[in-house]
Amino acid sequence: MSSPIQIPGAARIVAASVSPTATNIHDRFASVHRQDSLNVRQPRVLHPVENEGLRLLILENISMEAVNAFKAQGLHVDHHTKAMSEDELLKKIGSYHGIGIRSKTKITEKVIKAATKLLVIGCFCIGTNQVDLTAAASAGIPVFNSPFSNSRSVAELVMSELVVLSRQLFERSFELRQGLWNKQSRGCWEVRGKTLGIVGYGHIGSQLSVLAEAFGMRVIFFDVVNLMPLGSARQLESLDALLSDADFVTLHVPELPETINMISRDQLALMKKGAYLINNARGKVVDIPALIDSLKSGHLAGAALDVFPSEPGSNGSPFDDQVNSWASTLRSLPNVILTPHIGGSTEEAQRMIGQEVSQALLRYIGLGSTIGAVNFPEVDLRAITAEEGDHVRVCYVHKNQPGVLKLVNETFAPYNVEKQYSDSKGEVAYLMADIANVSPMDVTRLQESIRRTDANILTRFLA
């Protein structure tokens with residue numbers, strides 16, 4: 001049996017009463033803290049009944065804080081700095097119970113079918129389009145990401161690009177490095193008083209809105225849902241209206257069928273002459289050949305791209321026409337900022353992403369919680385306490401079909417079900433139940449009974 005897995009941030013139950021003799025706020029707080037120290041019921045550390053020697057494959061130079069968090073809980077971690085191809089994953093994935101990736105590694109349906117032991121996937125970034133989410137859910141594998149942790153870093157990068165583009169800083173810096181003094185103001189602007197158009201007013205777009213207004217910019221945004229603006233920002237009814245009004249357009253949308261090439265020739269033609277386009281979202285959102293033509297014609301004054309339809313798999317690899325057929329042409333254009341997908345690449349963001357995703361994975365492995373999963377029903381139960389020593393937690397992933405809960409609860413009938421929660425998402429459902437008075441022999445019988453159900457996808461027992 002594997003060593004106990006201690007879950008960071010696990011819930012605790014506190015029974016506290018306020019002393020009637022407390023006469024002021026300080027006395028009341030002191031009274032509560034005294035009671036806390038006496039009445040805290042500590043959560044019991046759970047570990048999988050099976051899956052001895054849990055192994056994680058961590059790729060793409062994910063934060064060592066995350067790696068150390070896994071190791072601290074007794075998990076075996078294989079840490080690699082580079083991404084892996086599909087062929088490489090197919091050779092290795094079968095021996096791992098969990099995998100952590102960033103944006104370059106692709107977890108396809110073929111990889112998931114080969115991952116016979118895989119329990120969980122962690123995307124140490126915002127995006128999850130590098131994972132076949134439907135195939136993962138169908139295999140009973142929740143996928144976790146970090147939707148918040150790098151949003152400030154991306155917003156600050158966009159603010160820097162606004163200034164760099166409007167002042168042609170890259171051109172002047174390059175010229176001076178080549179030994180050419182070229183001081184000029186023609187075509188250089190302040191960002192103060194200009195209009196920033198934000199496409200996608202989520203975690204990044206809304207933070208960017210606040211920063212831009214602090215620079216004295218007017219902010220407009222477009223989103224597919226109605227959202228409350230921050231500050232003086234104003235939501236427009238259509239993308240076309242935003243494109244025709246903004247001096248700078250910045251994109252912050254996911255890669256979906258409806259967002260691929262959402263900025264193409266027609267949309268670029270709607271933008272003001274002399275406007276700027278910034279894309280820190282996903283590479284396929286912009287039709288790059290159309291953007292190149294718009295820049296060459298002088299319709300757009302500049303662009304900043306941090307993401308591309310195809311990206312090299314590791315540092316030091318070439319970014320050339322073999323990666324994207326237009327790469328050399330794009331690289332030759334003036335006042336175009338090209339960066340290697342570094343929007344969230346700050347020490348602060350990577351540390352927070354490592355903490356957020358590693359804790360989500362540990363909570364699922366050790367507690368069964370799927371809160372925050374992007375492809376899975378979000379289910380959680382309060383912790384089993386140390387006093388509940390004969391309790392077992394059942395984590396049952398099953399097909400979302402009628403009659404399943406009836407069969408499972410008939411299996412639970414001889415026992416006392418202390419708490420139970422179930423939810424579904426699409427074709428997949430997930431049930432968690434804590435059962436009392438369960439012996440080791442009972443666990444074996446329960447496992448066999450539940451796994452024999454036609455709807456079973458994946459069943460785990462934690463004790």
Side-chain angles (χ1 to χ4, degrees), residues 152-198 208 211-219 243 245-251 263 268-269 271-281 283 286-308 311-312 315-349:
R152 176 70 182 203
S153 295
V154 178
E156 289 188 4
L157 178 63
V158 175
M159 289 306 305
S160 70
E161 289 167 339
L162 293 172
V163 175
V164 169
L165 286 172
S166 63
R167 297 296 298 273
Q168 301 177 15
L169 288 184
F170 270 20
E171 299 306 302
R172 302 292 84 77
S173 177
F174 177 77
E175 290 165 351
L176 200 56
R177 285 175 175 271
Q178 299 301 309
L180 175 65
W181 185 273
N182 185 22
K183 179 180 178 181
Q184 61 172 287
S185 59
R186 182 182 177 85
C188 298
W189 312 93
E190 294 181 355
V191 298
R192 179 182 58 171
K194 305 302 185 297
T195 298
L196 174 64
I198 302 173
L208 175 60
L211 295 176
E213 286 197 345
F215 271 63
M217 300 188 77
R218 169 178 170 257
V219 176
L243 294 174
D245 192 14
D247 300 302
F248 297 85
V249 174
T250 179
L251 308 175
I263 303 298
L268 293 167
M271 293 177 65
K272 292 180 177 179
K273 181 175 175 58
Y276 305 86
L277 179 67
I278 297 173
N279 183 20
N280 288 279
V286 176
D287 179 352
I288 303 294
L291 174 61
I292 289 172
D293 289 344
S294 186
L295 290 163
K296 280 184 172 181
S297 70
H299 181 66
L300 291 189
L305 303 175
D306 186 49
V307 289
F308 306 90
E311 298 179 357
N315 288 342
S317 299
F319 182 72
D320 55 21
D321 290 352
Q322 291 185 343
V323 178
N324 294 289
S325 60
W326 34 255
S328 59
T329 303
L330 184 66
R331 296 198 324 259
S332 69
L333 296 176
N335 209 30
V336 173
I337 302 171
L338 304 176
T339 48
H341 205 148
I342 58 170
S345 297
T346 63
E347 296 285 353
E348 295 90 346

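In what follows, every heavy atom counts, from backbone to side chain, and hydrogens, waters and symmetry copies are set aside. Because the structure is a prediction, the values reported are computed rather than measured. One is the number of the first residue; the rest follow in order along the sequence.
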### Query
Can you find a heavy atom in the side chain of Val249 that is under 4.5 Å from one in the side chain of Ile278?
no
### Query
Quick check: does any side chain N or O of Ser166 sit under 3.5 Å from a backbone N or O of Leu162, one acting as donor and the other as acceptor?
yes
### Summary
d(Ser294 OG, Ile263 CD1) to nearest 0.5 Å is 11.0 Å
### Query
Can you list the residues that meet the side-chain contact (heavy atoms from CB on, under 4.5 Å) rule with Ser317, with sequence neighbours excluded?
Pro312, Ser314
### Query
Which side-chain hydrogen bond (donor to acceptor under 3.5 Å, both in side chains) pairs, counting each pair once, include a residue from residues 322-338, with sequence neighbours left out?
Asp321-Ser328
### Task
State which residues pass side-chain hydrogen bond (donor to acceptor under 3.5 Å, both in side chains) with Thr195; sequence neighbours excluded, sorted by chain then number.
Arg218
#### Entry: Spatial distance of atom CG (Leu176) from atom CG (Leu180) [nearest 0.5 Å]
8.0 Å
#### Entry: side-chain contact (heavy atoms from CB on, under 4.5 Å) partners of Asp306, counting only residues at least two apart
Leu157, Asn280, Thr339, His341, Ile342
### Query
Residues in side-chain hydrogen bond (donor to acceptor under 3.5 Å, both in side chains) with Ser153, at least two apart?
Thr346
### Message
Please give me the minimum heavy-atom distance between Phe308 and Leu330, naming the atom from each residue.
### Response
CE2-CD2, 4.1 Å
### Query
Excluding sequence neighbours, so at least two apart, what forms side-chain contact (heavy atoms from CB on, under 4.5 Å) with Glu213?
Val219, Ser232, Ala233
## Note on the structure
When every non-hydrogen atom of Leu211 is compared with those of Ala155, the smallest separation belongs to CD1-CB, 4.0 Å
### Task
Please report the C-alpha distance between Arg172 and Gln184 in whole Å, then the side-chain angles of each, then the deciding distance to 0.1 Å, and finally whether the side chain to side chain contact (heavy atoms under 4.5 Å, CB included) criterion is met.
CA-CA 9 Å; Arg172 302 292 84 77; Gln184 61 172 287; 3.8 Å; yes
### Task
Output all residues satisfying side-chain contact (heavy atoms from CB on, under 4.5 Å) with Lys194, sequence neighbours left out; order by chain, then residue number.
Trp189, Met217, Asp247, Phe248
### Test side-chain hydrogen bond (donor to acceptor under 3.5 Å, both in side chains) applied to Glu348 - qualifying residues, sequence neighbours left out
none
### Straight-line distance of Leu277 CG to Leu295 CG, nearest 0.5 Å
8.5 Å
### Query
Does Glu171 have any side-chain hydrogen bond (donor to acceptor under 3.5 Å, both in side chains) partners at least two apart in sequence or in another chain, and if so, which?
none
### Summary
So salt bridge (charged side-chain N to carboxylate O under 4.0 Å, His left out) across residues 286-304, not counting sequence neighbours, yields Arg265-Asp293
### Query
With sequence neighbours excluded, what pairs up with Phe170 under the ring pair (Phe, Tyr, Trp, His ring centres under 6.0 Å) test?
none
### Query
Which pairs count as salt bridge (charged side-chain N to carboxylate O under 4.0 Å, His left out) when at least one residue sits in residues 156-168, sequence neighbours excluded?
Arg152-Glu156
### Query
Could you give the distance from CD (Glu175) to CD (Gln168), rounded to the nearest 0.5 Å?
8.5 Å
### Task
Check step by step if side chain to side chain contact (heavy atoms under 4.5 Å, CB included) holds for Val163 and Phe215.
CA-CA 10 Å; Val163 175; Phe215 271 63; 4.1 Å; yes
### Reported CG-to-CG distance for the pair Asn279 and Leu291, which is rounded to 0.5 angstrom
9.0 Å
### Query
Roughly how far, to the nearest 0.5 Å, is the CG atom of Leu333 from the CG atom of Leu300?
11.0 Å
